**Student:** 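There's a structure below that I have some questions on.
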Amino acid sequence: MGKFPGQHSRPPDTDTSLRLAAPLQSCGRTGDLRLGRRLHARLVLSGAAAASAFLTNHLITMYSHCADVTSALRLFHAMPRPNLVSWTTLISGLAQNSMHGDALTAFASMRRAGLAPTQFALSSAARAAAALAAPLLGAQLHCVGVRIGFDSELFVASNLADMYFKSGLLAEACRVFDQMPHKDAVAWTALIDGYAKNGSLEKAALAFRAMKREGLVGADQHVFCTVLSASGGLKDAWLGRTIHSSVIKAGFQLEVAVRNALTDMYANAADMEDAARVLRIDPQGWTVVSATSLIDGYIETERVEEALRIFIELRRQGVEPNEFTFSSMIKGCAMQALLEQGAQLHAQLIKTNIISDSFVGSTLLDMYGKCGLISLSIQLFNEIEHHTDIAWNALINVLAQHGHGREAVQAFDRMTSSGIRPNHITFVSLLTACSHSGLVDEGLKYFNSMKDAHGIEPKEEHYSCIIDMYGRAGRLDEAEKFIHEMPVKPNAYGWCSLLGACRMRGNKELGEVAAKNIMELEPDNTGVHVSLSGIYASLGQWEDVKAVRKLMWDSRIKKLPGFSWVDANNKTHVFASEDWSHPQQEKIYKKLEELYERIKEEGYVPDTRFLPCNLDNAAKERILRYHSERIAVAFALISMPATKPIIVKKNLRICVDCHSALKFISKVESRDIIVRDNSRFHHFGKGRCSCEDYW
DNA sequence: GTAGGGTTAG
């Protein structure tokens, strides 16, 4: 009596230690921190913990597994003589809890304390270097490994290979992998995933084949997940199907992660039927991840209504959509300019705390921008608490698409001065903004600052923006010179910009060069032939026009039909050129005729330069008068209240003549008309357009 | 005796 328990207890013997350690281990496995703390308290009272490094190491492991790093660290620092396992446990615990920098520091301290790292410590440190994508530190660890003979050990080498892959050093990674005498499923996953994440999808698929051919290791669920993701990226449903059958043979088809990967693979390969089938066979109901994959697949294939169906069904099953689900859905609304549905999703988001997610906030901002409501878009940006690079990029892009070049430049300056680093996407938007507003000098200034001031190597899309910038400004000679001096070849966008500019300026020679390059890069591009024949037509070279038409006919290339969409009375109405299928066609026709007379009185002159010469003038004017965007605007004028803005969406670029006509229509009707064509927005009002005729 | 790696949605 009167003695505190353990006051005189001796260091526990081996049997006692083992007995006490077992519950700690199982507690670490389940991650039950409360139980862990109780066990800890009991050990302190018994005096066993303080006396035994062995038990303290167990406690550190337990706390690390329960994500209580503070307690683990406190225990470690209280140890009079941490042993090899103590250090190793600490380093791995820090790495497990994503404290990668601290893990590497601890590794250095361990060596300074004169202890040779174990393979366990080395592999944990390599994992930390991989997570940080720190190839210099990683290579140092590699050297340490070589010196102490652990560089080919299974765990160390897997992590080193992973580290090199995550740092983009593929050759180094492969060298480490090839030197491994023993490779298990984890090592193969690192290889396959490494290739896939670096964009070498074919090599990822080949690595999976090599693994099967070697026949030493069976694929586990992780291997299947990675290779499915790679084959989804390849958009190769046949490869995916082969792997799917292997999945079934190996019995992994009911694993949640594998099923999600399968859904995602089929969705990426645009095989939505099979993607949906994988989801339907789920015996445990849906997970938010696989349903989101399916939704995203429908959105990417522009089947927004089906995506919406899955979304509703998901909620019916009681599964809450998360930030990924919402951003996919909102992206779909943005693509199709579905303002009503987008606003409904916004309303649902306000009820959750997901709205603070910067990705979701940015997709919302983008959606309102793409629906033409730029002021709402800017307001949303201002409501986002922390402006990440994604949010800034979205804002700059919206401003660019609406032709607000100056504001885009200002936004960029605000972004950089608030300490957010621009990335290559930022520069695509910024340069587009400059290009669309004729800010050539500013655009060049920012383009030239990319590498030196921001450490971003300009890529082909940036070079193409500059081509577009010169082209829109009519500086075709400089565009041509720029192309010759570029270190990379222009992409299709660059050549299309140049072709468009050549069409506007009637430059046949350069236009033909651009057209030839587009046909090589995008054999299915239908617009090239149309633009090219437009150049010939504007120069009156009707023989060449005929030749292009014949080429189109022979190669069965059809001109992409122009469509316009307009939302009125909660319904989306679609119109084609000379389209008289709408139930209100007679009224629309009358309105168009009336508008035509009124704008002609105001000074509108039809621009028939690009139309075939074999038509008489009346026929030419008739074609222009019934372009889809004009029918859509006429319909909106007769069916919507005068207070609502008219927002028309087009799948092609607006033609010069419609652009002129809509300016006049906005004047005679005193209405704001917003047209979103496939390259940007035009806000018509009071006889002017926001693009100031610069497009 | 105690410590370790890879996987599924923007």
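This structure is a prediction, so every number in the text was calculated from the model and none was measured. Chain letters run A, B, ... following the sequence lines, proteins first, then strands; residues in each count from 1.
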**Student:** Atom NE2 of A:H65 to atom P of B:dA3: distance rounded to whole Å?
**Tutor:**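 It works out to 7 Å between those atoms.
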
**Student:** Remember a base hit wins even if backbone is also touched, and classify A:T89 as base, sugar-phosphate or nothing at under 4.0 Å, heavy atoms.
**Tutor:**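 It contacts sugar-phosphate atoms only.
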
**Student:** Of all the nucleotides listed (B:dT8, B:dT2, B:dG4), which has the minimum atom distance to the side chain of A:K197?
**Tutor:**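 Nearest nucleotide to the side chain: B:dT8.
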
**Student:** Quick one: which residue pairs count as a side-chain hydrogen bond (donor to acceptor under 3.5 Å, both in side chains) with a foot in residues 124-144 of chain A, not counting sequence neighbours?
**Tutor:**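 Of all non-adjacent pairs touching residues 124-144 of chain A, those that pass side-chain hydrogen bond (donor to acceptor under 3.5 Å, both in side chains) are A:H142-A:Y164.
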
**Student:** Could you tell me the separation between the CD1 atom of A:I60 and the P atom of B:dA3, rounded to a whole number of Å?
**Tutor:**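 After rounding, the reported distance stands at 12 Å.
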
**Student:** From C-beta outward on A:R127, which listed nucleotide comes closest to its side chain: B:dT7, B:dG4, B:dT2?
**Tutor:**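 Given the options B:dT7, B:dG4, B:dT2, the side chain of A:R127 is closest to B:dG4.
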
**Student:** Do you know which of A:L338, A:L345, A:T325 makes side-chain contact (heavy atoms from CB on, under 4.5 Å) with A:I330?
**Tutor:**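 Of all the options given, the one that passes is A:L345.
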
**Student:** To the nearest angstrom, how far is A:Q253 atom CD from B:dT8 atom P?
**Tutor:**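 Whole-Å distance recorded here is 20 Å.
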
**Student:** When we call it a touch if two heavy atoms are under 4.0 Å apart, what does A:N57 touch: a base, just sugar-phosphate, or nothing?
**Tutor:**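 Base, at least one base atom sits under 4.0 Å.
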
**Student:** By the 4.0 Å heavy-atom rule, please label A:D366 as base, sugar-phosphate, or nothing.
**Tutor:**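 If one applies the 4.0 Å heavy-atom cut-off, A:D366 turns out to touch nothing in the nucleic acid.
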
**Student:** Tell me the interatomic distance from A:D151, atom CG, to B:dG4, atom P, rounded to whole angstroms.
**Tutor:**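 Checked: the CG to P distance equals 22 Å.
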
**Student:** I want to verify a distance call: between B:dG10, B:dG4, B:dT8, whose nearest atom is closest to the A:D296 side chain?
**Tutor:**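 In terms of side-chain proximity for A:D296, the closest of B:dG10, B:dG4, B:dT8 is B:dG10.
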
**Student:** For the side chain of A:A257, starting at C-beta, report the closest nucleotide among B:dT7, B:dG6, B:dG10.
**Tutor:**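 Minimum distance to the A:A257 side chain belongs to B:dT7.
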
**Student:** Give A:E300 one of three labels, base, sugar-phosphate or nothing, depending on what nucleic acid heavy atoms sit under 4.0 Å from its own.
**Tutor:**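 A:E300: no heavy atom of the nucleic acid under 4.0 Å.
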
**Student:** When we call it a touch if two heavy atoms are under 4.0 Å apart, what does A:Q25 touch: a base, just sugar-phosphate, or nothing?
**Tutor:**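 Sugar-phosphate contact only.
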
**Student:** Would you mind classifying the nucleic acid contact of A:S123 as base, sugar-phosphate or nothing, using non-hydrogen atoms under 4.0 angstrom?
**Tutor:**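 Counting heavy atoms under 4.0 Å across all strands, the contact made by A:S123 includes a base.
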
**Student:** Counting heavy atoms from C-beta on, name the nucleotide in B:dG6, B:dG5, B:dG10 closest to the side chain of A:D162.
**Tutor:**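 Closest of the options to the side chain of A:D162: B:dG6.
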
**Student:** Taking any heavy-atom pair under 4.0 Å as a contact, classify A:L154: base, sugar-phosphate, or nothing.
**Tutor:**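 Base contact.
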
**Student:** Quick one: A:I425 CD1 to B:dG10 P, roughly how many Å, whole number?
**Tutor:**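 In whole Å, B:dG10 P lies 14 Å from A:I425 CD1.
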
**Student:** Parallel, tilted or perpendicular: which describes the rings of A:F381 and A:H387, with under 30° parallel and over 60° perpendicular?
**Tutor:**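 Ring orientation of A:F381 relative to A:H387: parallel.
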
**Student:** So if I take every side-chain heavy atom of A:H58 and compare against B:dG10, B:dT2, B:dG5, which nucleotide ends up nearest?
**Tutor:**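 Selected nucleotide (nearest to the side chain): B:dT2.
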
**Student:** Quick one: label A:Q96 by what it contacts on the DNA or RNA (base, sugar-phosphate, nothing), any heavy atom closer than 4.0 Å.
**Tutor:**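 Result for A:Q96 = sugar-phosphate.
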
**Student:** Are A:K183 and A:F177 in a cation-pi setup, meaning NZ or CZ lies under 6.0 angstrom from the ring centre and within 45 degrees of the ring axis?
**Tutor:**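 Ring-cation test returns yes.
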
**Student:** Classify the side chain of A:D184 versus the base of B:dG6 as yes if they form a donor-acceptor pair under 3.5 Å and no if they do not.
**Tutor:**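 Donor-acceptor pair under 3.5 Å: no.
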
**Student:** What is the distance from CZ of A:F120 to P of B:dG4, rounded to the nearest Å?
**Tutor:**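 Interatomic distance, CZ of A:F120 to P of B:dG4: 8 Å.
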
**Student:** Have a look at A:A53 and say if it touches a base, only the backbone sugar-phosphate, or nothing, with a 4.0 Å heavy-atom cut-off.
**Tutor:**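 Answer is nothing: A:A53 stays at 4.0 Å or more from every strand.
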
**Student:** Of the nucleotides B:dA3, B:dG4, B:dG6, which has the atom closest to the A:T118 side chain?
**Tutor:**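 In terms of side-chain proximity for A:T118, the closest of B:dA3, B:dG4, B:dG6 is B:dA3.
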
**Student:** Expressed in angstrom and rounded to an integer, what is the separation of A:H182 atom NE2 from B:dG5 atom P?
**Tutor:**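 Nearest whole value for this atom pair: 20 Å.
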
**Student:** If you check every side-chain atom of A:T61, which of B:dT2, B:dG5, B:dA3 has the closest atom?
**Tutor:**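 So the nucleotide nearest the side chain must be B:dA3.
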
**Student:** Nearest to the A:H222 side chain among B:dG10, B:dG6, B:dG5, which nucleotide is it?
**Tutor:**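 Ranking B:dG10, B:dG6, B:dG5 by closest atom to the A:H222 side chain puts B:dG6 first.
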
**Student:** Contact class for A:A121 (heavy atom, under 4.0 Å): base, sugar-phosphate, or nothing?
**Tutor:**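 No contact.
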
**Student:** Nearest whole angstrom, please: distance from the C1' of B:dA3 to the CG of A:L94.
**Tutor:**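 Rounding to the nearest Å, CG of A:L94 and C1' of B:dA3 are 13 Å apart.
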
**Student:** To the nearest 0.5 Å, what is the distance between OH on A:Y63 and CG on A:L75?
**Tutor:**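 One finds 6.5 Å between OH of A:Y63 and CG of A:L75.
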
**Student:** Holding to salt bridge (charged side-chain N to carboxylate O under 4.0 Å, His left out), I want the full list of residues that pass it with A:E273, two or more places apart in sequence or in another chain.
**Tutor:**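 So A:E273 forms a salt bridge (charged side-chain N to carboxylate O under 4.0 Å, His left out) with A:R303.
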
**Student:** Quick check: any donor-acceptor pair below 3.5 Å linking the side-chain of A:S327 to the base of B:dG10?
**Tutor:**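 Flag set: donor-acceptor pair detected.
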
**Student:** Could you work out which one of B:dG10, B:dA3, B:dG6 sits closest to the side chain of A:V85?
**Tutor:**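 Of all the options, the side chain of A:V85 is nearest to B:dA3.
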
**Student:** Could you tell me if the ring centre of A:W188 sits under 6.0 Å from that of A:F208?
**Tutor:**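 No, they do not, as the ring centres are separated by 6.0 Å or more.
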
